[in-house]
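The next block holds one structure in the form of structure tokens; read it before the comments.
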Amino acid sequence: MEIPAKYNAIESEKHWYKYWMEHKLFKSVPDHREPYCIVIPPPNVTGVLHMGHMLNNTLQDVLIRRARMSGKNACWVPGTDHASIATEARVVNKLAKEGINKFEIGREKFLEHAWDWTHKHGGIILEQLKKLGASCDWDRTCFTMDEARYESVIKVFVDLYNKGLIYRGVRMINWDPQAKTAVSDEEVNYTDVKSKLYYVKYYVADDNNKATSDFVVVATTRPETIMGDTAVCVNPNDERYAHLKGKKLVVPMVNRIVPVIFDEYVDPTFGTGALKVTPAHDLADYELGMKHKLEVIDIFNDDGTLNEKAKVFVGEDRFRARELSVKMLEENNLLAKVEDYNNKVGLSERTNAVIEPRLSTQWFLKMKDLSKPALDNVLNNNIKLHPHKFVNTYKHWMENVKDWCISRQLWWGQRIPAYYLPDGDYVVAETAEEALKMAKQKTGNNNLQLSDLTQDEDVLDTWFSSWLWPLSVFDGIRKPNNDEVKYYYPTNDLVTAPEILFFWVARMIIAGYEYAGDKPFRNVYLTGIVRDKQRRKMSKSLGNSPEPLELIEKYSADGVRVGMLLCSPAGNDILYDEALSEQGRNFGNKIWNAFRLVKGWKIDSNIPSPEHSKIAVEWFNNKLNKAIADIDRMYDEYRISEALMAVYKLFWDDFSSWYLEMIKPEYQKPIDAATYKATVDYLEKLLHLLHPFMPFITEEIWQLIDTRKEGESIMISQMPKAQGYNEQLLTDFDVIIEAIAHIRNIRKTRNMSYKDKADLLIRDHNKNYNARFEPVLIKMAGLETVSITSEKVDNTDSFMVLSTEFYLKTGITIDKEAESLKIKEELEYTKGFLASVMKKLSNERFVSGAPAQVVEMEKKKQADAEAKIKALEERLAALN
RNA sequence: GGGAGAUUAGCUCAGUUGGUUCAGAGCACCUGCCUUACAAGCAGGGGGUCACAGGUUCGACCCCUGUAUCUCCCACCA
């Protein structure tokens, strides 16, 4: 068969993915084998693949493919998330462009549009994952809003409500005026902004509530909320304001009469030491308001414009109202001064709108008791976080967990199953029919109709559906203990970003213990954030994010996968550089060429194996088994990046540069059968080790290197297991490798061609040289003869490995001065080394205190160094 | 403001319960090679006071204290 000189990645990747799909190689059904399961962190249904997904899913695919090749029943469950805020925002935008307003068309019509959008754009991202080589069991694809998942969410809500864990309450929440919804604390990002601090005069009122000439100056960054002020607060220990006790003030612009209250919360050193209190629009003020029983005046509409209660600037946007307020204050001589000021404002993670603290009726989930097992089982390592350092952050959060606001003022999502009765009371039930039954019971009114009930308008937070994911994908909420859940749950590994450790990971753990009585996964691998070379987060607006599919086209999926993994130790940020994908592609090329070399040899079963090949085969076998053991350990520790590097070096350095060069027959000569067989076996084993990282090229070569039956695949073949290896043999061989490098270096400095033969004399003092490997030395260093000598050799190039002297007779006159200098340097170094060893050995506390093994080692070092010094001195003397 | 982590080669990172002169890897860099598997390559090479200052120890990149710088998380200072 003719092997193409260039590997055609595009063709190959398309072909093999199709092959895997056709033969249902990703499919998993429960059987007698040990399960290995990963549930995908569901990407937004209408999202597109970005670099973060690439990294995350490559890692999952590596883990799942390795498990599959290790005899486990590997199941990777894919799916998407309905992402209520993000998706609804997109649909609203799309409709807006068509001149359609969501409130005009109503809930039902809007949801139709949303589903249309979902069907049209949903799943694109899953198709993109296939390009990456993701071996998901696509038959299991789930969506957080499909029927099973929707019903699971509702069931859980009702259950938690019945357990008394869900309640309704008025709370200060983070309001996103653009999306017109509440967002959780975790979805607010605080950023520093340059703003102004306005100093506003509040006049003291007399007994008739008329302004006197006395006033208090209050500093504020938000003059547009003055209309909602219901008090001014000062510190009780602040003598400047002691005279205000019992006084009232006139709120500027609206002339409301409000009390002066005293609370130690106020920092006398900030601003003027006087704080305006707007309970409706500031969390701290709200708490002050509750404490001092102040009136709460909400002056905003849900879109961030002012309402009638503001009395002035009604209908104006909050930022416009700020400008207008400043102007009005100025005109009325109420503005004492304005300062530049840096403060923080909260931005909505989804819409980037400035968050407005707002009072609102929301649904909450009590977290304290629920989260207890989730905390305990991470602290006791029942669930392991990798890297472990995230446990601290996790602990801190779980110990300070607050009730979870689970309602969202949106339509796209699971609608809260609370049904209101005409009198304002409500019942919670899985269906309207059930609700009606309960309502009749509750009210004693049997005439109630379905039409008398009104379902809550809000939907549930998206995380309230994704926290059930590891269970709901197996329908384990609706049908607890079904065969699939019993088999796959708890799942094995979860791969996700640390940013959603609390949003998602912690909550899945909570739900897992509540609804399955067990952890949802055993290990959590936390990846880093993908950044560019300048450490900037990759984002669309910066335009610094490469288009994943273009990268794949350019460097192949295998290449990009390797590129992602090369720079991604767990938990560290990924500084992505396209050069890494290039490195990945080059590696693929290297593998292809090694394969071409091996496949190109003619086999002659009548010739015996040359000695150097026998040694090479023996050596590589040991090298390979040591590497497999190392790689296994790295996987166990989730050091995926290092495991890849180990395979990379094994293939490139040990296999290609050393092994293949050692066994390579002379040009156009055949290879003996035994060596060939061993080589193909090694190549196959290497392909297996490489497969999780580079699924496509390894499949291509695996299929070409031997005849395979239809339906066979490397992805379902067995990963090589670590056998024992001979450490001494490897150590001895390292001496040979080092000697070869030295000889090559001498050839280079002497301008000798590889074909100029030379003779090597070896003078071994401490048995560091294993003569058995001589044939390799001869072949790799291009030597005529190798002989052992006990005499010193003059006037030749020489070098030492450990305490063994090597003399290379090249026939070229040596440069005595250069040689002498070289020896002197080495002598000085070795003497220093010996001195440090002797210092230790002459120290009685070291000899008696250190472990015997360490002392032995030092003695060996002493012997080696002394021998080396002696040899060097002799050589130096010989030169003079 | 509170908490966590980091600082090792030009860059990104390893360094496994103190013990080979232990200072490593990959990339980048330098030099020589188009040697019929591979120039997307081969061979060779240079490069670091392990952030800084003390301390513990026979011995410190590793343990302790302090300093500096950085990153992340949490937090209601107008």
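Quantities reported herein were computed from a predicted structural model and do not represent experimental measurements.
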Task: N/O (side chain, A:Asn586) to phosphate O (OP1/OP2, B:G41) under 4.0 Å - done: yes
Open item on the list: Tell me if the side-chain of A:Glu661 makes a donor-acceptor pair with the base of B:A37, cut-off 3.5 Å, by modelled atom types.
Closed with: yes
TODO: Go through the steps to decide whether A:Tyr682 and A:Tyr659 satisfy the test ring pair (Phe, Tyr, Trp, His ring centres under 6.0 Å), and finish with yes or no.
DONE: CA-CA 10 Å; A:Tyr682 291 152; A:Tyr659 176 77; 5.5 Å; yes
Task: Inter-nucleotide P distance (B:C42, B:U36), Å rounded - done: 14 Å
TODO: Without swapping roles, check the side chain of A:Asp403 against the backbone of A:Met367 for a donor-acceptor pair under 3.5 Å.
DONE: yes
Open item on the list: Give me the atom names and distance for the closest heavy-atom approach of A:Leu375 to A:Lys395.
Closed with: CD1-CA, 4.0 Å
Task: Closest listed nucleotide, where the reference is the side chain of A:Arg744 and the choices are B:G44, B:G15, B:A37 - done: B:G44
- [ ] Provide the distance between the two C1' atoms, one in B:C22 and one in B:G10, to the nearest whole Å.
- [x] 22 Å
Task: Closest to side chain of A:Asn589, choosing from B:C38, B:A25, B:A37 - done: B:C38
- [ ] With heavy atoms under 4.0 Å as the rule, sort A:Arg639 into base, sugar-phosphate or nothing.
- [x] sugar-phosphate
Open item on the list: What is the separation between atom CE on A:Met780 and atom C1' on B:C42, rounded to the nearest whole Å?
Closed with: 12 Å
Task: Same-atom distance (P) from B:C13 to B:U56, integer angstrom - done: 35 Å
Task: Distance, rounded to the nearest Å, where A:Leu644 contributes CG and B:A25 contributes P - done: 17 Å
Task: A:Glu661 with A:Lys779: basic N within carboxylate O range, under 4.0 Å - done: no
Task: Runs of at least three consecutive pairs that involve RNA chain B, where pairs are Watson-Crick or G-U with distances under 3.5 Å - done: B:1-7 with B:68-74, B:10-13 with B:24-27, B:29-33 with B:41-45, B:51-55 with B:63-67
- [ ] Among the candidates B:U21, B:C73, B:C38, find the nucleotide nearest to the side-chain atoms of A:Val837.
- [x] B:U21
Open item on the list: What is the distance, to the nearest angstrom, from the CG atom on A:Leu501 to the C1' atom on B:C73?
Closed with: 10 Å
Task: Minimum-distance nucleotide to A:Leu597 side chain [options: B:A78, B:A37, B:G26] - done: B:A37
- [ ] Would you give the length of the straight line joining atom OH of A:Tyr648 to atom CG of A:Leu566, rounded to the nearest 0.5 angstrom?
- [x] 7.0 Å
- [ ] Return no unless some side-chain N or O of A:Lys6 is found under 4.0 Å from OP1 or OP2 of B:C38.
- [x] no
TODO: Consider the side chain of A:Ser657, meaning its heavy atoms from C-beta on, and name the nucleotide among B:C73, B:A43, B:U36 that approaches it most closely.
DONE: B:A43
- [ ] For the side chain of A:Lys748, starting at C-beta, report the closest nucleotide among B:G44, B:A37, B:G41.
- [x] B:G44
Task: Side-chain N,O (A:Tyr648) to OP1/OP2 (B:C27) below 4.0 Å - done: yes
Task: Between B:A37 and B:U17 - C1' atom distance, rounded Å - done: 46 Å
Task: Sugar-phosphate only, base, or nothing, as touched by A:Lys649 at under 4.0 Å among non-hydrogen atoms - done: sugar-phosphate
Open item on the list: Under a 4.0 Å threshold between the charged nitrogen and the carboxylate oxygen, would A:Arg633 count as salt-bridged to A:Asp636?
Closed with: no
Task: Nucleotide B:C42, atom C1' - distance to CG of A:Leu660 in whole Å - done: 14 Å
Open item on the list: Nearest whole Å is fine: how far is B:C72 C1' from A:Leu526 CG?
Closed with: 13 Å
Task: Whole-angstrom distance between B:A60 and B:U20, as gauged at atom C1' - done: 16 Å
TODO: Assign each of A:Gln668 and A:Thr393 to its nearest nucleotide of RNA chain B by heavy atoms, then name whichever residue's nucleotide is nearer the 5' end.
DONE: A:Gln668
Open item on the list: Counting the atoms with a prime plus P, OP1 and OP2 as sugar-phosphate, which does A:Val277 contact under 4.0 Å by heavy atoms, base, sugar-phosphate, or nothing?
Closed with: nothing
- [ ] State plainly whether the residues A:Glu356 and A:Arg358 are in salt-bridge range, i.e. N to O under 4.0 Å.
- [x] no
TODO: Between B:U65 and B:U71, how far apart are the P atoms? Round to whole Å, please.
DONE: 24 Å
Open item on the list: For a quick check under 3.5 Å, do A:Gln728 and A:Asp732 share a side-chain donor-acceptor pair by atom type?
Closed with: yes
Task: Atom pair distance, as rounded to whole Å: CH2 in A:Trp652 and C1' in B:G41 - done: 8 Å
TODO: Indicate whether any N or O donor in one side chain lies under 3.5 Å from an N or O acceptor in the other, for A:Tyr7 and A:Ser12.
DONE: yes
Task: Pairwise P distance, B:G48 and B:U57 [rounded to whole Å] - done: 32 Å
Task: Out of B:A40, B:G44, B:A37, whichever nucleotide has its closest atom nearest the side chain of A:Tyr667 - done: B:A37
Open item on the list: Using whole Å, what does the distance between atom P of nucleotide B:U17 and atom CD of A:Glu637 come to?
Closed with: 10 Å
Open item on the list: What I want to check is whether an N or O donor and acceptor connect the side chain of A:Tyr265 with the base of B:C76 at under 3.5 Å.
Closed with: yes
Open item on the list: What's the separation between atom CE in A:Met645 and atom CZ in A:Phe693, rounded to the nearest 0.5 Å?
Closed with: 10.5 Å
TODO: Look at all strands and tell whether A:Ala741 reaches a base, only sugar-phosphate, or nothing, counting heavy atoms closer than 4.0 Å.
DONE: sugar-phosphate
Open item on the list: Rounding to an integer number of angstrom, what distance separates B:A51 and B:G32 when you compare their P atoms?
Closed with: 36 Å
TODO: Using atom NZ of A:Lys868 as one end and atom P of B:U21 as the other, report the distance to the nearest whole Å.
DONE: 13 Å
Task: From B:G26, B:A14, B:A78, nucleotide with atom closest to A:Asp653 side chain - done: B:G26
Task: Nucleotide nearest A:Lys590 when distance is taken to its side chain, options B:A25, B:G41, B:G2 - done: B:G41
TODO: Please tell me which of the listed nucleotides, B:A37, B:G44, B:C27, lies nearest to the side chain of A:Ser656?
DONE: B:A37
Task: Along RNA chain B (nearest heavy atom to each residue), the more 5'-positioned of A:Gln583 and A:Thr221 - done: A:Gln583
